[in-house]
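The next block holds one structure in the form of structure tokens; read it before the comments.
Worth saying up front: this structure is predicted, and the values here are computed from it rather than measured.
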Amino acid sequence: MATNNQEQKQSEAGRHQEVGHKSLLQSDALYQYILETSVYPREPEPMKELRELTAKHPWNLMTTSADEGQFLNMLLKLINAKNTMEIGVYTGYSLLATALALPDDGKILAMDINRENYELGLPVIQKAGVAHKIEFREGPAMPVLDKLVEDEENHGSYDFIFVDADKDNYINYHERLIKLVKVGGLIGYDNTLWNGSVVAPPDAPLRKYVRYYRDFVLELNKALAVDPRIEICMLPVGDGITLCRRIK
């Protein structure tokens with residue numbers, strides 16, 4: 001009996017490890033409760049359709065979790081965001097959450113190196129009637145940001161910026177985005193708890209991509225914690241999201 005109980009616990013631990021990128025909660029059952037009680041019943045039909053479509057994609061680990069999508073949607077409404085930016089789009093789940101939250105004349109500058117993934121979710125976005133809010137640009141974000149920063153009219157023009165892209169560039173993005181977001185506006189950095197690896201011992205058995213990007217995430221977290229230009233709040237939603245409110 002004891003052996004069976006031990007095997008069951010190991011099996012549960014294994015399942016939790018597999019969904020760890022979606023939730024840092026120590027109980028899969030508790031996370032499922034959150035989804036089934038407050039997230040899925042209120043999830044807009046287009047977001048549900050896109051989530052289920054994305055789940056079939058071989059890179060589905062990259063998608064924003066449903067609870068984080070719900071959080072972003074409400075946050076944008078609370079701050080009355082109108083002009084936003086998203087770096088890292090994938091199939092567009094968080095992008096759709098944003099587009100649904102913005103007023104009809106709201107705008108999102110969306111950037112990703114892979115147009116094919118974006119176009120996978122585009123029909124759903126179009127059917128939801130929010131595609132007109134999105135300006136999609138394919139390619140690296142850095143040249144686009146540099147060009148935006150060059151024109152001082154763009155400084156302080158964004159209400160909200162969401163970053164879910166190459167973690168090794170987060171610091172570089174931050175130095176540009178802090179100029180583009182308005183005072184009182186928000187920047188959200190995704191994956192700042194990085195699969196829980198930020199507290200893992202050096203010899204922990206981590207997946208290669210988790211180990212590779214961990215140092216960059218740690219560097220970002222340290223930098224944000226002491227940046228006098230912002231107030232921060234790190235939340236254990238999804239894989240960790242750090243909100244930065246520009247104060248000067």
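- Although no hydrogens or angles enter the test, the distance criterion places a donor-acceptor pair under 3.5 Å between the side chain of R211 and the main chain of P202.
- Between R246 and E231 there is no salt bridge, since none of the side-chain N atoms of the basic residue sits less than 4.0 Å from a carboxylate O of the acidic one.
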Subject >> Candidate pair N154 and V149, rule side-chain contact (heavy atoms from CB on, under 4.5 Å), full reasoning >> reply: CA-CA 7 Å; N154 294 317; V149 170; over 6 Å; no
**OP:** Start with the C-alpha gap between K127 and E49, add the side-chain angles, then the distance that decides, and say whether salt bridge (Lys or Arg N to Asp or Glu O under 4.0 Å) holds.
**Re:** CA-CA 11 Å; K127 187 166 64 172; E49 183 179 352; 2.9 Å; yes
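- Considering every non-hydrogen atom in both I247 and P228, the closest pair reads CD1-O, 3.6 Å.
- The structure places CD1 of I108 at 9.0 Å from OG of S94, a figure rounded to the nearest 0.5 Å.
- Taking CZ of F216 as the reference point, atom CG of N172 lies at 9.5 Å (rounded to 0.5 Å).
- Of the possible donor and acceptor atoms, one in the side chain of S27 sits under 3.5 Å from a partner among the backbone N and O of L30.
- In plain terms, the two heavy atoms of A81 and L102 that are nearest each other are O-CD2, 3.2 Å.
- Between atom CD1 of residue I178 and atom CD1 of residue I187 there is a gap of 4.5 Å, rounded to the nearest 0.5 Å.
- For the atom pair CD1 of I87 and CZ of F162, the computed distance is 11.0 Å after rounding to the nearest 0.5 Å.
- When only modelled atom types and interatomic distance are considered, Y31 and D67 share a side-chain donor-acceptor pair under 3.5 Å.
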**OP:** Report the C-alpha separation of L220 and K167 in whole Å, then their side-chain angles, then the decisive distance to 0.1 Å, and conclude whether the side-chain contact (heavy atoms from CB on, under 4.5 Å) test is met.
**Re:** CA-CA 9 Å; L220 173 78; K167 316 308 170 193; over 6 Å; no
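- Taking the six-membered ring where the residue is Trp, Y170 and Y189 present tilted rings, their angle falling between 30° and 60°.
- At most 12 heavy atoms of other shown residues, nucleotides or ligands fall within 6.0 angstrom of atom CD in E152.
- Atom-to-atom distance recorded for M47:CE and L95:CG is 10.5 Å, nearest 0.5 angstrom.
- For T91 and T54, the side-chain atoms include at least one donor-acceptor pair closer than 3.5 Å.
- Atoms CD and CG, on E219 and D168 in that order, are 10.0 Å from each other to the nearest 0.5 Å.
- Here E119 pairs with R115 under the side-chain contact (heavy atoms from CB on, under 4.5 Å) rule; sequence neighbours left out.
- Checked against M234 for a side-chain contact (heavy atoms from CB on, under 4.5 Å), the options L193, L224, L243 give a single hit: L193.
- For the residue pair D239 / N191, a side-chain donor-acceptor distance below 3.5 Å is found, with atom types taken as modelled.
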